Structure formats: C-alpha cells, structure tokens
Amino acid sequence: MALTGRAALLAALGSVPVGIWDPSWTGILAVNAPLAVACVCDFALAAPVRRLGLTRSGDTSARLGDTADVTLTVTNPSRRTLKAQLRDAWPPSSWQPGTEVQASRHRLTVPAGERRRVTTRLRPTRRGDRQADRVTIRSYGPLGLFTRQGTHKVPWTVRVLPPFTSRKHLPSKLARLRELDGRTSVLTRGEGTEFDSLREYVPGDDTRSIDWRATARQSAVAVRTWRPERDRHILVVLDTGRTSAGRVGDIPRLDASLDAALLLAALASRAGDRVDLLAYDRRVRAIVQGRTARDVLPSLVNAMATLEPELVETDARGLTATALRTAPRRSLIVLLTTLDAAPVEEGLLPVLPQLTQRHTVLLASVSDPHVSRMAASRGNTEAVYEAAAAAQAQSERHRTAEQLRRHGVTVVDATPDELAPALADAYLALKTAGRL
C-alpha cells in the first residue's frame with residue numbers, strides 16, 4: 001500500500017529516513033527539492049480511485065472444466081486520465097493452479113469522462129457458486145512515482161455446473177430407446193408394454209406377435225408392434241452422506257453419481273417418463289419435482305451444482321420416509337449410494353421392504369477400479385497381500401449386492417467411467433421387461 005503525507009514524501013526521496021522530523025534534514029531536502037516537487041505533482045495528477053464507477057456483466061454459469069468470461073466496466077468521472085493496474089479477485093478455485101496472477105490482473109487507461117472494459121476469464125476447478133471478491137485499483141501518476149490505491153465491492157456470482165461428461169453416451173441409448181418404442185425394425189415385447197400398431201410380417205419376427213384376425217382380413221401376415229409404457233414416474237435419490245465424499249480416482253463418488261443421474265434423466269425424459277430428484281443425508285439437501293421434459297435437465301443441473309458431500313452418517317429411515325412422501329404412487333426409485341457392507345446392512349436393509357413393497361428399486365454404486373487392479377496384482381509379497389485384501393473387499397461387496405437382489409432390488413455396481421451407461425442400460429432393461 002502506498003505511503004501518504006510527509007512520511008511518503010520523505011520515503012520517496014530515498015535519502016531521508018521515515019521518522020521524527022530533524023532540522024538537520026533541511027539541507028538534504030533542499031538538494032532533493034526538484035524530486036520532491038515531482039513526487040507531489042505526480043501524486044496530485046494521479047486519477048482518484050474512490051470516485052470510479054464499476055459494473056459487471058458476462059457469464060453467470062459455466063460447466064466444470066469450461067471457461068466463464070466476466071466483464072468489468074470502469075467509468076472514470078474525473079478530469080484526469082486514469083492509468084491503473086486492476087486486480088479482480090475471485091476465490092482460488094476459480095482458476096487452474098498457477099494461473100490466478102495472470103488471469104486476475106489487468107492494466108488499463110481510461111481517459112477523463114470515458115469508460116473501458118476488462119474481461120476476467122475464469123476456469124473453475126470445483127462445482128458450486130463462485131462469488132467475486134474485491135476489485136483493487138492502483139492509479140499511477142504521469143511519472144509513475146506515486147500511486148493512489150483503493151478497493152471496490154462489485155458483486156457477481158458464477159454458478160459452476162456439473163460437467164455431464166456422460167452425455168456422449170446419450171445418442172446410443174436413444175437409439176436403443178427407439179428400438180424399444182417400435183420405431184425401427186427391431187421390436188421387443190414386454191409384460192407391461194402397450195400396443196402400438198400393425199405391420200407386415202418379416203422373417204425373424206416373433207410368431208407370438210402375429211395378429212391372426214388382422215391377417216385374415218388381408219393377404220399378408222400382420223404382426224403387432226409394441227412400445228414401453230410412457231408417463232412412468234422416476235425418483236432419483238442421491239445419498240449425500242459421508243460415503244459420497246470418498247474419492248475414486250480424481251473425483252468424489254458424489255460427482256460420479258451426479259453424472260449418472262443426469263444421463264438417466266436425459267434418457268427417461270426422452271422416453272416420456274417424469275423424473276424427480278431428491279438429495280438427502282440427514283435432511284433434504286435438494287429436491288426437484290414436477291418439471292416438464294424440456295425443463296427437467298436444466299433444473300437438475302442447477303440443483304446439483306451446489307451439492308457437496310456431508311461428513312455425517314446418512315439417516316436411512318429419514319431417507320426412506322422422505323422418498324415415500326415424494327413418490328406417493330408406484331415409481332422407479334433409483335438410489336445412488338454405497339455398497340459398503342456396514343451402511344447397507346445397518347442402515348438400508350432394515351427399511352428396504354418399505355420401498356420394495358410399493359416401488360421398483362434400482363440401486364447404483366460407484367466401485368473403485370484400483371481395487372480390481374490390486375486383486376490382479378502379483379510379483380512380490382506386498383502385491384500378494386494387496387491382492388488378498390482387494391479380493392476380500394470385492395467378496396464383501398458382492399455379498400452385499402446379493403442381499404439386495406434377494407429383496408428384489410436391481411443392483412448396478414460400476415466404475416466412475418462406466419456407471420452412467422450401466423445405469424442407463426439397467427433402466428432400458430426394466431422398460432423392456434415391463435417392470436416400470
């Protein structure tokens with residue numbers, strides 16, 4: 001911060017110590033009088049900082065990994081030209097490590113009575129809301145000897161949304177959905193499917209789909225086509241308790257669950273089903289209900305942006321009761337949680353019958369690929385011990401999954417990269433079987 005007054009002047013002279021005034025310094029000042037005059041003039045000619053007008057505009061949201069541009073407009077109402085260095089401060093997670101200094105600092109010149117714009121490019125490294133901090137401006141005089149400095153509060157918020165990396169799988173899942181809907185030559189029939197239309201028989205069609213009455217009225221053999229039932233209700237339940245905070249690779253388990261939930265919601269909304277969201281640990285963290293097919297995905301993305309794992313044990317009874325209130329009619333409940341033995345056996349299994357007797361339940365969990373690599377490792381004593389520990393962990397996980405299946409739960413256990421497509425496939429399989 002720049003010094004002011006007599007102390008600043010003496011410090012700028014370079015040969016006079018800052019402290020108590022001594023008459024013997026008069027001669028030194030007389031020698032440096034031209035420099036003193038230059039400093040005083042430089043300070044006087046520097047444009048004032050506190051009178052500046054600052055406003056913001058630009059992006060209010062961005063996906064994690066993308067950039068967001070926030071523009072700061074600086075208006076100079078004084079009669080002096082502003083030559084300044086500006087620092088636009090944001091939280092550290094607003095940039096990649098090591099790029100903050102370059103991205104947040106700007107040099108600008110604003111003539112008297114005019115305005116100029118500077119753009120700060122953010123590249124956030126975490127989900128959630130990023131709020132602008134202070135804007136610090138250092139105004140230089142014509143000679144650059146003295147400066148005026150001040151700060152301004154210019155509020156702005158950028159919401160960092162989930163990246164939705166699994167959207168690359170959406171085209172293939174939609175193609176499979178069109179097959180189930182009878183829009184292609186590959187037709188399926190499920191226990192809960194609806195009659196769609198009649199068409200001419202082609203070799204390979206299921207003979208059970210032949211409509212003999214329609215065949216008798218025309219010269220060609222007619223077969224019935226079927227499509228899965230629409231307007232089913234799907235409730236996605238995100239467990240945001242302590243187990244969702246565990247990191248698998250470079251991301252928390254919760255982030256992998258969010259990505260899988262977004263792919264499922266995008267697919268189900270295209271299939272004509274209604275999708276709701278509930279995030280819960282010991283209380284409701286987020287809820288999305290009653291959105292149309294067009295609005296459901298933006299609503300889910302916005303609600304998920306601020307979700308963070310809570311370091312508390314999930315209340316399974318509270319979660320079950322809230323899910324039942326949120327889905328009063330028969331629904332598909334997709335529970336994104338852990339397959340660890342203790343939380344499932346002590347928390348979920350005792351209350352699971354309340355869900356399964358009224359709803360179809362699908363549980364999806366994130367597995368750690370490192371455990372699979374450990375189980376396959378050999379070569380030395382340490383690797384063998386690691387393989388034994390990994391095999392035991394896998395065995396407990398499989399046993400927990402089997403317990404859930406015996407209660408009628410469909411279980412999906414996959415790595416972060418495979419969880420989203422695996423969950424979408426499980427949803428399509430349930431539609432094919434007419435279980436929705």
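None of the values given here were measured: they were computed from a predicted structure.
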Could you go step by step and tell me if Asp425 and Arg176 meet the salt bridge (Lys or Arg N to Asp or Glu O under 4.0 Å) rule? CA-CA 9 Å; Asp425 288 339; Arg176 176 60 178 155; over 6 Å; no
Do you see a donor-acceptor pair shorter than 3.5 Å between the side chains of [X] and [Y]?
X      : Y      : result
Asp88  : Ser104 : no
Gln149 : Arg138 : yes
Asp281 : Thr314 : no
His152 : Thr136 : no

Side-chain heavy atoms of [X] within contact of [Y], under 4.5 Å:
X      : Y      : answer
Leu278 : Leu238 : no
Arg123 : Ser94  : no
Leu362 : Val409 : no
Thr151 : Val49  : no
Leu264 : Val236 : yes
Thr240 : Tyr280 : no
His106 : Leu72  : no
Glu308 : Leu254 : no

Quick check: does any side chain N or O of [X] sit under 3.5 Å from a backbone N or O of [Y], one acting as donor and the other as acceptor?
X      : Y      : result
Ser139 : Arg148 : no
His169 : Ala424 : no
Asn76  : Ser78  : yes
Arg51  : Pro48  : no
Thr125 : Ser93  : yes

Test of understanding: with side-chain hydrogen bond (donor to acceptor under 3.5 Å, both in side chains), list the residues that count as partners of Ser365, not counting sequence neighbours. Arg397
Mind checking side-chain hydrogen bond (donor to acceptor under 3.5 Å, both in side chains) for His233 and listing every partner two or more places apart, or none if nothing turns up? Asp276, Ser331
Going from [atom1] on [X] to [atom2] on [Y], what distance comes out if it is rounded to the nearest 0.5 angstrom?
X      : Y      : atom1 : atom2 : value
Ile287 : Leu277 : CD1   : CG    : 8.0 Å
Tyr140 : Gln85  : OH    : CD    : 4.5 Å
Arg282 : Arg285 : CZ    : CZ    : 10.5 Å
Leu235 : Arg274 : CG    : CZ    : 11.0 Å
Ser166 : Glu418 : OG    : CD    : 11.5 Å
His407 : Leu352 : NE2   : CG    : 6.0 Å

Quick check: closest heavy atoms across [X] and [Y], and the distance to 0.1 Å?
X      : Y      : result
Val412 : Ala422 : CG1-CB, 3.7 Å
Leu419 : Ala364 : CD1-CB, 4.1 Å
Pro369 : Thr415 : CB-CG2, 3.9 Å
Pro91  : Gln131 : CD-O, 3.2 Å
Ala265 : Val275 : CB-CG1, 4.0 Å
Ile234 : Ala268 : CD1-CB, 3.5 Å

Once side-chain contact (heavy atoms from CB on, under 4.5 Å) is applied, do any residues pair with [X], and if so which ones, sequence neighbours excluded?
X      : value
Ala256 : Ile251, Val366, Pro416
Val301 : Arg63, Leu161, Pro162, Leu262
Val70  : Arg56, Trp90, Leu122, Trp156, Val158

side-chain contact (heavy atoms from CB on, under 4.5 Å), that's the test. Do Phe164 and Leu258 meet it? Break it down for me. CA-CA 8 Å; Phe164 194 14; Leu258 297 180; over 6 Å; no
Kindly state each residue pair satisfying salt bridge (Lys or Arg N to Asp or Glu O under 4.0 Å) with at least one member in [range], sequence neighbours excluded.
range            : result
residues 149-166 : Asp129-Arg159, Asp133-Lys153
residues 314-337 : none
residues 246-260 : Arg127-Asp255
residues 92-115  : Arg87-Glu100, Glu114-Arg116

Could you pull out all donor-acceptor pairs under 3.5 Å where a side-chain atom in residues 293-300 meets a protein atom, sequence neighbours excluded?
from	atom 1	to	atom 2	distance (Å)
Asp295	OD2	Thr292	OG1	3.2
Ser299	OG	Arg291	NE	3.1
Ser299	OG	Asp295	O	2.8

Is Arg242 salt-bridged to Glu310, cutoff N-O under 4.0 Å? no
Between the side chains of Glu402 and Arg399, is the shortest nitrogen-to-carboxylate-oxygen separation below 4.0 Å, so that they form an ion pair? no
May I ask you to check whether over 12 heavy atoms, not counting those of [X], lie within 6.0 Å of atom [atom1]?
X      : atom1 : answer
Arg117 : CZ    : no
Gln357 : CD    : yes
Arg167 : CZ    : yes

Would you give me the side-chain donor-acceptor pairs under 3.5 Å for residues 379-395, sequence neighbours excluded?
from	atom 1	to	atom 2	distance (Å)
Asn380	OD1	Glu382	N	3.2
Asn380	OD1	Ala383	N	2.7

side-chain contact (heavy atoms from CB on, under 4.5 Å) between Trp95 and Thr120, worked out: CA-CA 11 Å; Trp95 292 282; Thr120 301; 3.8 Å; yes
Side-chain donor-acceptor distances from residues 333-351 under 3.5 Å, at least two apart:
from	atom 1	to	atom 2	distance (Å)
Thr337	OG1	Asp239	OD2	2.7
Thr338	OG1	Asp340	N	3.0
Thr338	OG1	Asp340	OD1	3.4
Thr338	OG1	Asp340	OD2	3.2

Check against side-chain contact (heavy atoms from CB on, under 4.5 Å), Leu324 and Arg358: CA-CA 9 Å; Leu324 290 173; Arg358 293 176 53 182; 4.0 Å; yes
